[in-house]
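Heads up: the structure comes next, in structure tokens.
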Amino acid sequence: MAAVEPFENAPGSGTGTGTGAISAEHWKVLSLSTLGGALEFYEFVVFLHMSPVISKLFSASDVAPWLAQLQVLGIYAVGYLVRPLGGTVLAALGDRIGRKRLFGITLLLMALGTLGIGLLPTYAQIGAAAPILLLLCRTGQGLAMGGEFPAAASYVMETVPENRISFAIGLLTVGFGLGSLLAVGVILLLSSQLPQADYLGWGWRVPFLAGGLFGLFSVYLRRSVKESPVFLQMAQAAHSAQRLPFSALFTRYRRELLVAIGLALVSGGLIQTVQLYPVAYFQVEMQWPRALMSSAQMGLTASAMVFTLLTTAAADRFGSARVIIAFAVLNIIGLVWFYAQVTPETVFWAWSAIGALNAGLVPVVLAPMARLFPAPLRITGIAASYNLAQAIAGGALPVLMGSLSHHWPSALWGVPAVLCLAAMVCAPLAQGLQKPVASV
């Protein structure tokens, strides 16, 4: 193993067991750690918003528009379907070669995939090879996404002071919001400034090229971070796993894995059912303007980002389980209130309030999820639970919400309420099963 430079073992420096304030070095680590999540959600939003254009450019001219769109959405979905595979392979690698190295690998793969999409020739230029190359780029992105958050979460929790772990992991989710807002801003700017011919000719490439270059620059910046102190302790103590970490999850940590999946499903499920699906519901079922809902969603995202800093700090101060239970109740009440009174005139501020309440659950449940696994299996455990939950949330919940809400509008708050109740059950269980950060 190549030599890596550890953090200084000073009081409050974050060796995985200490406490104290977040230092300037920690802020540097946290800033660089958010870059992967920002790029992931940036690409997520850009691809979805660009899907009508991509479907025209990467399909034969005689293919029906609805079928071309469906094909592109299928390619988009592949990125999520391969996440569990990417998470399993990359996580096992990260638990063996180090958090810092995996940190660079995942971000590089995502950046190359995003840059590649921006450089691809279209169907008119190379025929059927165009959608195949698009699929390969999307597959590479999905594999990388499977390892990015587990690596980032493990790295920051093993680096910052132990009494700041919830806040540190919460900042990773702030990166998600930043990526989403940046993507929407870039797309709105291009669509408003470019003629349609230029937009179809080359303008659609700009968001992907910009995202890819941003990712490559982020890879360069991440080279300056130091290896996690906990991983260095593991390496020095010769506690490398003697068998595949994935198998150990099912033989020694089955309860932890189930609770972690539950917590991750709460986080991903609330994003799908509260923050994303209503955009389609209000446009399709209520005939509200798309611009109105896009504006409201931006308000929700910004509100959630700001309040994440407060709720995760509260979790470090008062305990994650207390904050989760309190906000689970508040979310249920808030969602019932929201759907009982929301109108086009009030949706922006009312949905922003829901974003603030969501900030007490979506980011807060991730720290207790990460603490369920010991250091030698940490990335693997987070990857297995988080990616499986994301696949379920992203694949099943939008379909479920679409099916139920058309006939029973109360499902709009009822399904998220079930997730809130699950959070109230899983949070105390996680507290009793959590492992020391530096258990090597």
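As a basis for the values below, the full set of heavy atoms in this structure was taken, side chains included, without hydrogen atoms, waters or symmetry mates. Residue numbers count from 1 along this sequence.
Partner of Phe282 under the ring-ring contact (aromatic ring centres under 6.0 Å, His included) criterion, out of Phe348, Trp288, Tyr277: Trp288 alone. Checking each of Thr273, Val415, Leu412, Val274 against Leu335 for a side-chain contact (heavy atoms from CB on, under 4.5 Å) leaves exactly one that passes, namely Val274.
Side-chain contact between Ser267 and Leu361 is absent, with no heavy-atom pair separated by less than 4.5 Å. Looking only at side-chain heavy atoms (C-beta outward), Leu171 and Leu309 come within less than 4.5 Å of each other. The closest side-chain heavy-atom distance from Leu421 to Val425 is not below 4.5 Å. In this structure, the side chains of Thr312 and Val364 come closer than 4.5 Å at one or more pairs of heavy atoms. Residues Thr106 and Phe149 form no side-chain contact, since every pair of their non-hydrogen atoms from C-beta on lies 4.5 Å or further apart. Side-chain atoms of Cys426 and Val266, non-hydrogen and from C-beta on, never get closer than 4.5 Å to each other. For the pair Leu258 and Arg255, the minimum side-chain heavy-atom distance is 4.5 Å or more. A 4.5 Å side-chain heavy-atom check between Arg83 and Tyr386 finds at least one atom pair inside the cut-off.
The distance from the CD atom of Gln275 to the CG atom of Leu300 is 5.0 Å, given to the nearest 0.5 Å. Summarising the geometry, atom CZ belonging to Arg322 is positioned 9.0 Å from atom CZ belonging to Phe318; distances are rounded to the nearest 0.5 Å. With values rounded to the nearest 0.5 angstrom, Thr159 atom OG1 is found 15.5 Å from Arg164 atom CZ. Atom CZ of Phe167 is separated from atom CG of Leu310 by 9.0 Å, given to the nearest 0.5 angstrom. Of the inter-residue distances, the one linking Leu172 atom CG with Glu40 atom CD reads 11.0 Å to the nearest 0.5 angstrom. Atom CG of Leu366 and atom CD1 of Ile165 lie 13.0 Å apart (nearest 0.5 Å).
At a threshold of 4.0 Å, the pair Glu43-Arg138 counts as salt-bridged, since one of the basic side-chain nitrogens sits closer than that to a carboxylate oxygen.
The minimum heavy-atom distance linking Cys137 with Gly113 is given by the pair CB-O, 3.8 Å. Considering every non-hydrogen atom in both Ala370 and Ile169, the closest pair reads CB-CD1, 4.1 Å. When every heavy atom of Leu270 is checked against every heavy atom of Cys420, the shortest pair comes out as CD2-SG, 4.5 Å. Nearest heavy atoms, Pro368 versus Ala430: CB-CB, 4.1 Å. What you find for Ile325 and Pro428 is that their closest heavy atoms are CD1-CG, 4.2 Å. Taking both residues in full, the closest heavy atoms of Leu189 and Ser192 are given as O-OG, 3.0 Å, listed atom of the first, atom of the second, then distance.
Of the possible polar contacts, none joining the Thr346 side chain to the Val342 backbone as a donor-acceptor pair under 3.5 Å is found. Judged purely by atom type and a 3.5 angstrom limit, Thr311 uses its side chain to pair as donor or acceptor with the backbone of Ala359. A distance-only check finds no donor-acceptor pair linking the side chain of Ser385 to the backbone of Ile261 [under 3.5 Å]. In this structure, Ser180 contributes its side chain and Phe176 its backbone to a donor-acceptor pair below 3.5 Å. In this structure, Ser154 contributes its side chain and Ala151 its backbone to no donor-acceptor pair below 3.5 Å.
Within a 6.0 Å radius of CH2 in Trp349, no more than 12 heavy atoms belonging to other residues, nucleotides or ligands are found. Counting non-hydrogen atoms of other residues, nucleotides and ligands closer than 6.0 Å to CD of Gln71 gives a total above 12.
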**Message:** Run the salt bridge (charged side-chain N to carboxylate O under 4.0 Å, His left out) test on Arg371 and Glu162 for me, step by step, so that the C-alpha distance in whole Å, both residues' side-chain angles and the decisive distance to 0.1 Å come before the verdict.
**Reply:** CA-CA 11 Å; Arg371 297 199 63 166; Glu162 191 167 354; 2.7 Å; yes

**Prompt:** What do the steps show when you test Glu148 against Leu90 for side-chain contact (heavy atoms from CB on, under 4.5 Å), and what is the final call?
**Reply:** CA-CA 9 Å; Glu148 170 61 28; Leu90 292 173; over 6 Å; no

**Full working for side-chain contact (heavy atoms from CB on, under 4.5 Å) between Asp316 and Asn163** = CA-CA 6 Å; Asp316 283 326; Asn163 61 326; 5.7 Å; no

**Request:** Any chance you could lay out the side-chain contact (heavy atoms from CB on, under 4.5 Å) test for Ile382 and Arg378, step after step, and finish with the verdict?
**Result:** CA-CA 6 Å; Ile382 296 173; Arg378 183 160 290 139; 3.9 Å; yes

**Request:** Could you go through the side chain to side chain donor-acceptor pair (under 3.5 Å) check for Gln141 and Thr114 one step at a time?
**Result:** CA-CA 7 Å; Gln141 289 175 323; Thr114 304; 2.8 Å; yes

**Asked** Which is it for Lys435 and Glu256 under the side-chain contact (heavy atoms from CB on, under 4.5 Å) test, yes or no, and what are the steps along the way?
**Response** CA-CA 10 Å; Lys435 306 295 184 291; Glu256 288 85 349; 2.7 Å; yes

Without placing hydrogens or testing angles, list every side-chain donor-acceptor pair under 3.5 Å for residues 206-218, not counting sequence neighbours.
| from | atom 1 | to | atom 2 | distance (Å) |
| --- | --- | --- | --- | --- |
| Ser218 | OG | Phe214 | O | 2.8 |

Under 3.5 Å, side-chain donor or acceptor atoms of residues 326-333 against the rest of the protein: list the pairs with distances, not counting sequence neighbours.
| from | atom 1 | to | atom 2 | distance (Å) |
| --- | --- | --- | --- | --- |
| Asn331 | OD1 | Asn358 | ND2 | 2.8 |
| Asn331 | ND2 | Phe327 | O | 2.7 |
| Asn331 | ND2 | Leu357 | O | 2.9 |

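The aromatic ring centroids of Phe373 and Tyr253 lie 6.0 Å or more from each other.
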